[in-house]
S.K.: 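Here you go, one structure.
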Amino acid sequence: MIGVDNLPIIALATIAVAVINTVIMAGVSAVHPRESGPSTWALANITFGVGLAILVLRKPGNEPIVALSGNALFVIGYILFWFGSRQFKGLPLPWRSAGLLFVIFFGLFSWFLLASPDIAIRAAIVAAAIALICICIAWTMLYRIEIGLMQTQAFVGLLFGMLAALYIMRSFAALAGQLNVDGLRDGPIGNGIFLIPAMAALLATIACALMVSQRLLQRLQTSVRTDQVTGLVNRGLLNEIGAKEVSRARRHGYGLSAIILDIDHFEALIREQGYALGDAVLRQIAGIISSSMRREDYLARVDGAALCILLPSTRLAGAQQLAERLRQQIASMRLEGNPDTAITASFGIATLGLHGDDWTSLMQRAETALNHAKTDGRNRVSVARLAEVSPDPA
């Protein structure tokens, strides 16, 4: 066990870890300027490291004001890390909750500092405050884990969940009088309170840097596989998603339906009023559809004026209800800046098992149903016919 005489070594190790963390996050922030999380994480690491250094360099039990300052910086560092996690997830910053938490912590710690010499109570307050922040960080990272970032986000979330459990145990142990906190020699309130958080911060920093890099790779891949006008999935990516959803639907016995819609007289609209209006129509219709979709549904632009909605766990009746609702919404919408232009759309629907046994046949039958809707007068919903033979895709 490292004793009090060796605390400067621990301080140097803590400062070294904080410097490494800060350099990593500062570098990530410079490479990925669009991400606001890394710069906040870098500031968190600086604050966290300074607080730890103050705590390990002080003379235990003899400098209460220095102890308060170090613990305050320690807590602020965790709060800043929470802020960085919220920014990474695109969530609003919890200014009020974080401020209230710090005010309560600072007030209680200051009161005990002045009113009672019992360091165990102060240690319990610090541990409880940090445990609460760690829980907030864990929840932030585990809430709505992004596709492609599952392992790293889960690692950060579970890491701070374990830290929260550790600090909760420290808080209860301090209150129960089971820790020798005066000498900082024994138990988890001793040297481990410096080394464990510092090493956890290093692991979290590496994982966060990896998350930012993975997100950049995702954005590059997405830019190649999405439509530039609407931002929707393109046909190539839709085919990959569709094949996977067909396999999943077959394996678990779920329903799967596809809706293809085409804007009526779209080419004539472009000829008369230009491509800018055509793009605006596509974006507005995509917005209407997106607002009616579930999180597990997919929307893609498959051709010039054609969009496809892929509906996992959806049978034919559900797809028909959605298509009819969308048809009415599109027919009643008014274009921004051009309210006199009427827009309608035709819909074709096919369901796995009824109209096709694989992704290719499902799309072919939905396209055939769409052609029938156009032939029958447009601005209507058509379902693929059970006995119909799909045309050659060529």
S.K.: Under 3.5 Å, which donor-acceptor pairs link side chains of residues 302-321 to any protein atom two or more places apart or in another chain?
M.R.:
from: T314; atom 1: OG1; to: R294; atom 2: NH2; distance (Å): 2.8
from: T314; atom 1: OG1; to: P312; atom 2: O; distance (Å): 3.0
from: R315; atom 1: NH2; to: G253; atom 2: O; distance (Å): 3.2

S.K.: Taking atom CD of Q328 as the centre, report whether more than 12 heavy atoms of other residues, nucleotides or ligands fall under 6.0 Å from it.
M.R.: yes
S.K.: Only counting residues at least two apart or in another chain, list the ones meeting salt bridge (Lys or Arg N to Asp or Glu O under 4.0 Å) with K89.
M.R.: none
S.K.: State, to 0.1 Å, how close E296 and Y298 come at their nearest heavy-atom pair, and which atoms those are.
M.R.: O-CE1, 3.4 Å
S.K.: Distance-only criterion, 3.5 Å: show the donor-acceptor pairs between side-chain atoms of residues 276-287 and protein atoms not counting sequence neighbours.
M.R.:
from: Q284; atom 1: NE2; to: R334; atom 2: O; distance (Å): 3.0

S.K.: Holding to side-chain contact (heavy atoms from CB on, under 4.5 Å), I want the full list of residues that pass it with F102, two or more places apart in sequence or in another chain.
M.R.: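 For F102, the residues satisfying side-chain contact (heavy atoms from CB on, under 4.5 Å) (neighbours in sequence not counted) are A72, V75, I76, I79, F105, F106.
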S.K.: Does one side chain, of N379 or R327, offer a donor that lies under 3.5 Å from an acceptor on the other?
M.R.: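 Result is yes, a qualifying pair exists.
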S.K.: Is it true that atom CZ of R96 has more than 12 heavy atoms of other residues, nucleotides or ligands lying nearer than 6.0 Å?
M.R.: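 Not more than 12 within 6.0 Å, no.
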S.K.: Which residue pairs satisfy the salt bridge (charged side-chain N to carboxylate O under 4.0 Å, His left out) criterion with at least one member in residues 141-154, sequence neighbours excluded?
M.R.: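 Qualifying pairs: E146-R215.
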S.K.: Is a side-chain donor-acceptor pair under 3.5 Å present for S361 with D358?
M.R.: yes
S.K.: Would you please name every residue forming a side-chain contact (heavy atoms from CB on, under 4.5 Å) with K374, sequence neighbours left out?
M.R.: D262, S346, L370, R378
S.K.: Please enumerate all residues that pass salt bridge (Lys or Arg N to Asp or Glu O under 4.0 Å) together with R248, with sequence neighbours excluded.
M.R.: E245
S.K.: Holding to side-chain contact (heavy atoms from CB on, under 4.5 Å), I want the full list of residues that pass it with F155, two or more places apart in sequence or in another chain.
M.R.: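 By the side-chain contact (heavy atoms from CB on, under 4.5 Å) rule, F155 matches L159, L203, A207.
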S.K.: Please say yes or no: joined through hydrophobic side-chain contacts below 4.5 Å, possibly via intermediate residues, are I137 and M199 part of one cluster?
M.R.: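 Looking at the clustering, M199 is in the same group as I137.
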S.K.: How about T22 and N45: does a side-chain donor come under 3.5 Å of a side-chain acceptor?
M.R.: no
S.K.: Over 60° means perpendicular and under 30° means parallel, so tell me whether F48 and F74 are parallel, tilted or perpendicular.
M.R.: parallel
S.K.: What's in the same ILVMFWY side-chain cluster as Y143, cut-off under 4.5 Å, chained through other members?
M.R.: W139
S.K.: Are side-chain heavy atoms of F83 and W41 found at a separation under 4.5 Å?
M.R.: no
S.K.: Once side-chain contact (heavy atoms from CB on, under 4.5 Å) is applied, do any residues pair with A350, and if so which ones, sequence neighbours excluded?
M.R.: H355, L362, R365, A366, A384
S.K.: According to ring pair (Phe, Tyr, Trp, His ring centres under 6.0 Å), does anything in residues 243-268 pair up with another residue at least two apart or in another chain? List the pairs.
M.R.: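 Qualifying pairs: H252-Y254.
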S.K.: Under a plain distance cut-off of 3.5 Å, with no hydrogens placed, do S257 and T351 share a side-chain donor-acceptor pair?
M.R.: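 Side-chain D/A pair, T351 to S257: present.
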S.K.: Could you tell me which residues satisfy side-chain hydrogen bond (donor to acceptor under 3.5 Å, both in side chains) with E267, sequence neighbours excluded, listed by chain and number?
M.R.: none
